[in-house]
Amino acid sequence: MDIQSFWEAVLKQDAKRLREFFAGDAYINWHCTNEHFTVEEYIRANCEYPGEWDGEIQRIEKVGDVFIAVVHVYTCDRSGSFHVVSFMRVRDGKILSLDEYWGDDGAAPQWRLEKQIGTDIIS
């Protein structure tokens with residue numbers, strides 16, 4: 001499974017290329033919004049999502065037949081920024097299931113700022 005190529009297709013919203021990564025009966029769950037998709041629904045949701053996107057893979061781990069990817073995704077104009085964690089169950093080089101958790105990047109909540117706890121993550 002070529003995680004880099006998969007994420008390039010996601011970010012470029014390349015429907016044809018995305019289809020090549022999935023087994024026919026694969027499914028996708030976006031847990032933060034409680035959505036379950038077929039491959040075609042996922043491709044439509046991804047490719048029709050407004051805006052132009054870019055990003056970078058920050059980490060990849062493999063545990064058995066599951067790849068875990070942490071990706072920083074952002075709009076090309078940098079008006080939106082997200083971190084996503086993807087769990088891809090793979091067999092014979094194809095995604096059988098994809099469980100994703102998308103988080104909006106932003107400032108710490110005011111109550112933590114007031115307590116003066118934590119510091120910025122230095123990249």
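All values reported here derive from a predicted model rather than from experimental measurement. Computed from heavy atoms alone, side chains included, the values below leave out hydrogens, waters and symmetry copies.
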Exercise. Please check if atom CD in E52 has more than 12 non-hydrogen atoms from other residues, nucleotides or ligands closer than 6.0 Å.
Key: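 Counting other residues, nucleotides and ligands, CD of E52 stays at 12 neighbours or fewer.
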Practice problem: Please indicate whether D2 has more than 12 foreign heavy atoms, meaning atoms of other residues, nucleotides or ligands, lying under 6.0 Å from its CG. | Solution: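 More than 12 within 6.0 Å, yes.
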Practice problem: Would you mind reporting whether C47 and L18 have side-chain heavy atoms less than 4.5 Å apart? | Solution: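 Answer yes - side chains close enough.
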Exercise. Check the hydrophobic clustering (I, L, V, M, F, W, Y; side-chain heavy atoms under 4.5 Å; chains of links allowed) and say if F21 and V85 are grouped together.
Key: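 No; tracing contacts between hydrophobic side chains, which count when under 4.5 Å, never links both residues.
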Exercise. Identify whether Y101 and F82 are in the same connected component of the hydrophobic contact network (ILVMFWY, side-chain heavy atoms under 4.5 Å).
Key: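 In one cluster: no.
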Quiz item: Is E114 salt-bridged to R112, cutoff N-O under 4.0 Å?
Solution: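 No salt bridge links E114 with R112.
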Quiz item: Thinking salt bridges, do K94 and E20 make one under a 4.0 Å N-O criterion?
Solution: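 Not counted as a salt bridge, because no side-chain N and carboxylate O are separated by less than 4.0 Å.
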Quiz item: Hey, do the aromatic rings of F22 and Y42 have their centres closer than 6.0 Å?
Solution: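 Yes - the distance between ring centres of F22 and Y42 falls below the 6.0 Å cut-off.
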Quiz item: Quick one: ring-ring contact (aromatic ring centres under 6.0 Å, His included) partners of F37, sequence neighbours excluded?
Solution: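 F37 satisfies ring-ring contact (aromatic ring centres under 6.0 Å, His included) with W30 once adjacent residues are dropped.
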Quiz item: In chain order, what residues pass the ring-ring contact (aromatic ring centres under 6.0 Å, His included) check against H72, with sequence neighbours excluded?
Solution: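 Once residues adjacent in sequence are excluded, the partners of H72 under the ring-ring contact (aromatic ring centres under 6.0 Å, His included) criterion are Y74, H83.
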Practice problem: Calculate, to the nearest 0.5 Å, the distance between atoms CD and CD belonging to Q4 and E56 respectively. | Solution: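 It is 10.0 Å, given to the nearest 0.5 Å.
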Quiz item: Closest heavy-atom contact between I95 and A26?
Solution: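 Looks like O-CB, 3.2 Å.
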Quiz item: Does any donor atom in the side chain of T38 or E40 lie under 3.5 Å from an acceptor atom in the other side chain?
Solution: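 Absent: no donor and acceptor within the cut-off.
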Exercise. Begin with the C-alpha distance, continue with both residues' side-chain angles, and end with the deciding distance and a verdict on side-chain contact (heavy atoms from CB on, under 4.5 Å) for V71 and Q58.
Key: CA-CA 5 Å; V71 184; Q58 295 182 321; over 6 Å; no
